[in-house]
Each structure stands twice: as structure tokens, then as C-alpha cells.
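For reference, the structure discussed in these notes is given below.
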Amino acid sequence: MKNDLFELPIPTRDGRFTARYSGKGLAEMDFPKVGRASPRAAKQNGVPATISRWHRATETALKNILAGRTAKNLPPLDLTGGTEFQQAVWRELRKISPGQTRSYGEIAQAIGKARAVRAVGGACGANPIPVLVPCHRVLAAHGKIGGFGGGLDWKRRLLAREGVSL
DNA sequence: AGCCAGTCTCGGA
DNA sequence: TCCGAGACTGGCT
């Protein structure tokens with residue numbers, strides 16, 4: 001199923017991210033692989049012009065966020081893969097701007113399900129587009145770090161870039 | 001039925 | 001004050 005997506009690399013000074021696009025927009029993003037992956041060249045030909053344009057936006061947005069800046073001109077995001085609940089959580093996450101943080105409980109409350117705090121954690125972990133959908137800005141209660149699917153090192157690094165101290 | 005990227009309370013160090 | 005266990009939670013596989 002995932003192979004219907006166009007996969008394009010994004011080289012940054014933090015490593016090589018991978019972006020995947022559906023016909024609706026950016027659908028997935030991967031952190032650089034720790035084990036230094038194959039340098040295989042993605043077929044740049046055969047990529048529709050629309051997706052090239054989206055990819056350029058993604059690249060700029062990613063680099064801005066990695067630098068702790070606000071991302072402007074995001075590409076369209078295809079989040080249709082999630083459940084209603086997950087999409088509600090992701091929508092809420094996108095309202096958090098750089099340097100800000102929320103707790104899982106605050107997110108739960110914001111989507112009208114104050115007791116679903118644990119499920120919010122699950123939805124964050126299921127987020128297919130980390131960084132652009134800023135799951136790293138969600139902390140546990142009382143400023144504790146919480147978890148992170150991409151590894152806590154990444155969460156700490158991203159927050160540090162945005163000037164958040166734990 | 002079982003697993004969680006949570007949170008609260010309470011008890012012991 | 002700072003953990004750790006336990007209870008309770010709602011959504012997902």
C-alpha cells in the first residue's frame with residue numbers, strides 16, 4: 001500500500017530525511033536512519049510536477065523547523081490515513097508554534113476528550129509526519145519529557161533548537 | 001483481551 | 001522531595 005507513494009530524500013545537516021507523497025500531499029516523513037542507509041538515488045524522473053513543488057515546500061519547511069524557525073508554506077498534508085480521533089489530535093498539534101509546548105492532557109482537553117490522555121499519546125506515536133506535525137512539542141504533565149517514536153534524543157534536540165528547556 | 005509517548009494518589013526512602 | 005507501584009483511563013490492534 002505504501003508503495004503507491006512517491007519517495008524523495010531530504011538531505012539536511014541532521015541527516016537524510018525521507019518524504020513520501022500521495023496524490024493528495026505529503027503523507028509520511030521518516031527520520032534519518034541511524035545505521036547509514038543505502039545512498040540509492042531516487043528516481044527523480046517520473047515525478048509529477050505537482051509533487052516536485054510540494055517537495056520543495058517540504059524541504060524548506062523541514063529545514064526551517066530544524067533551525068527552530070516557523071515553517072511557512074507547508075505542502076498539503078495527506079493525513080487521511082488516520083482515524084477520526086487521530087486526525088483530531090494531529091490537527092491540534094499543528095496549532096502549537098515553535099517554542100511552545102502542551103501536555104498530553106491539554107491536547108486531550110482541547111479535542112473535547114479530557115480523559116483520553118493516554119490515547120493522545122498513542123495518536124502522537126501514530127503520527128506519520130513528525131516534525132512538520134509537531135508531536136515533539138507535547139510533554140507529559142509537569143514538564144516531564146514523555147516519549148517519542150523517533151527516539152527521545154530527537155525530541156530533546158528539536159525542543160532545544162526551539163529554545164525550550166526542560 | 002492486551003498494549004500504551006498519561007496522570008493522579010499514596011507510601012516509603 | 002523524589003521515585004515506584006497501583007488504579008483508572010480511552011482508543012487501537
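In what follows, chains carry the letters A, B, and so on, assigned in the order in which the sequence lines appear, proteins first and then strands, with residues in each chain numbered from 1.
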Ion pair Glu92(A)/Lys95(A), N-O distance below 4.0 Å | yes
Rounded to the Å, how far apart are Phe148(A) CZ and dA5(B) P?
-> 13 Å
Where do Trp154(A) and Asp14(A) come nearest, in terms of heavy atoms and distance?
-> CH2-CB, 3.7 Å
Specify the separation, in whole Å, of atom CD1 of Ile96(A) and atom C1' of dA5(B).
-> 14 Å
Pairwise side-chain contact, Lys113(A) with Phe85(A), heavy-atom cut-off 4.5 Å (strictly under) = yes
Phe31(A) CZ - dA5(B) C1' separation (whole Å) = 13 Å
Checking side-chain contact (heavy atoms from CB on, under 4.5 Å) against Tyr21(A), which of Leu26(A), Thr50(A), Asp78(A) comes through?
-> Leu26(A)
Select base, sugar-phosphate, or nothing to describe what Gly105(A) touches, counting heavy atoms under 4.0 Å on all strands.
-> sugar-phosphate
Send over the distance from Asn127(A) CG to dA5(B) P, rounded to a whole Å.
-> 14 Å
Check the distance between dT7(B)'s C1' and Leu139(A)'s CG and give it to me in whole angstrom.
-> 14 Å
Geometric class of the Phe31(A)/Phe148(A) ring pair [parallel <30°, tilted 30-60°, perpendicular >60°] = perpendicular
Write out the stems for DNA chain B, ordered by first number and formatted as range with range, counting runs of at least 3 consecutive Watson-Crick or G-U wobble pairs under 3.5 Å.
-> B:1-4 with C:10-13, B:6-13 with C:1-8
What integer distance in Å separates Leu159(A):CG from dA5(B):C1'?
-> 13 Å
Shortest non-hydrogen separation from Ile145(A) to Arg156(A) and the atoms involved | CD1-CG, 4.0 Å
Identify all pairs in which a protein N or O lies below 3.5 Å from an N or O of nucleotides 5-11 of chain C, and state each distance.
residue	atom	partner	partner atom	Å
dG11(C)	OP1	Lys113(A)	NZ	3.2

Val47(A) and His55(A), any side-chain heavy atoms less than 4.5 Å apart | no
Is Val117(A) reachable from Leu93(A) through a run of hydrophobic residues whose side-chain heavy atoms are each under 4.5 Å from the next?
-> no
